[in-house]
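Have a look at the structure below, then the notes.
Computed from a predicted model, the values in this text were never measured in an experiment.
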Amino acid sequence: MPANDTARPLTITEQARRAQLVGVTIELVARHGYPGTSLARIAEAAGISKAAVLYHFATKDAVVQAAYGSVLDSLTGYVGTAVDAASGSAAVEAYIRSLILYLHDHPDHTRMIVEGLSGATGIDDTPHAPSRRDVVASLIEAAKEAGDYRPGVDAQATAVIVNGAVDAIVSENLANTGFDTTHAAEVLIAMLRAACGR
């Protein structure tokens, strides 16, 4: 939406331009980091003037926040589809596999998330947000109700451990692109089955 006009709907051309700017910003932040991504660099990569960028986004942080939101929408849509197609412990495993696979296959998105959470962007999300833990805890509770996990499993603590392990796998893949994330996901799932299964 144009930076100074929040009332009227976007035209198709404006929607396309904003999508282009978001895509360019994701690539630039992944390559240069948040500090190395300027409005001028975004404009140059998009082939437009800085003033044209400011027509759509009032500040650099505004376009970075839009890019972060776009990445999260894509990620949660992909993982949500995988989880919704499963039930019980299979849904927990679908969460692990799909999240790790998506972040492996979209390294620019992974770096966008890391940079977005750096604290300098004005994004108030955190890797330890209660909502992230609660989503996984609810899947674990459902696996307990389905009889796949033992009744005594602590869903909240297990969710923290699962998310921490996923983060470690993704972080290792960023540092070492040869790291086998698919194998690591299966090791995590095997550990979860051993610790929680009946």
Side-chain angles (χ1 to χ4, degrees), residues 1-3 15-82 95-136 159-182 184-185 188:
M1 187 168 292
Q15 291 175 31
R17 179 62 78 191
R18 281 176 64 89
Q20 178 200 20
L21 292 171
V22 162
V24 161
T25 301
I26 291 167
E27 292 173 10
L28 291 173
V29 169
R31 188 175 308 122
H32 304 289
Y34 171 77
T37 301
S38 64
L39 282 173
R41 185 169 256 170
I42 292 167
E44 180 182 4
I48 60 177
S49 68
K50 183 176 172 181
V53 176
L54 290 170
Y55 171 79
H56 295 280
F57 297 99
T59 63
K60 168 186 161 178
D61 282 355
V63 68
V64 168
Q65 289 165 16
Y68 179 84
S70 174
V71 165
L72 277 196
D73 287 347
S74 181
L75 170 63
T76 56
Y78 181 85
V79 173
T81 297
Y95 169 84
I96 293 168
R97 288 189 183 103
S98 61
L99 183 55
I100 290 172
L101 178 62
Y102 183 94
L103 293 172
H104 174 270
D105 288 349
H106 300 83
D108 282 2
H109 286 197
T110 306
R111 291 185 179 91
M112 179 74 237
I113 291 170
V114 170
E115 289 292 321
L117 297 176
S118 68
T121 61
I123 294 167
D124 60 4
D125 199 4
T126 74
H128 311 294
S131 58
R132 183 175 179 222
R133 179 194 62 230
D134 292 345
V135 165
V136 181
V160 169
I161 293 164
V162 166
N163 281 333
V166 168
D167 290 349
I169 291 167
V170 172
S171 178
E172 181 64 25
N173 182 236
L174 283 177
N176 172 16
T177 55
F179 182 68
D180 189 343
T181 56
T182 301
L188 173 57

Are H109 and L75 close enough, and set up right, to give a side-chain contact (heavy atoms from CB on, under 4.5 Å), and what steps lead you there?
CA-CA 9 Å; H109 286 197; L75 170 63; over 6 Å; no

Please determine whether side-chain contact (heavy atoms from CB on, under 4.5 Å) holds for the pair N173 and I169, giving the CA-CA distance in whole Å, both sets of side-chain angles, and the decisive distance to 0.1 Å.
CA-CA 6 Å; N173 182 236; I169 291 167; 5.7 Å; no

Applying side-chain contact (heavy atoms from CB on, under 4.5 Å) to Y78 and L103, what does each step give before you reach the verdict?
CA-CA 11 Å; Y78 181 85; L103 293 172; over 6 Å; no

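No hydrogens or angles considered: a donor-acceptor pair under 3.5 Å links the side chains of S74 and Y102. With 3.5 Å as the limit, one finds a donor-acceptor pair spanning the side chains of Y95 and N163.
With Y55 as the aromatic partner, K50 does not meet the cation-pi criteria of under 6.0 angstrom to the ring centre and within 45 degrees of the ring axis.
Taking CZ from R132 and CG from D167, the interatomic distance works out to 4.0 Å, rounded to the nearest 0.5 Å. The CG atom of L28 sits 10.5 Å away from the CG atom of L21 when rounded to the nearest 0.5 Å. How far NE2 of H106 is from CE of M112: 15.0 Å, rounded to the nearest 0.5 Å.
Within 6.0 Å of atom CD in Q20, more than 12 heavy atoms from other residues, nucleotides or ligands are found, so the atom counts as buried in its surroundings.
The heavy-atom pair separating I48 from A52 by the smallest distance is CD1-CB, 3.8 Å.
Checked by atom type and distance alone, the side chain of R111 never pairs as donor or acceptor with a backbone atom of R31 at under 3.5 Å.
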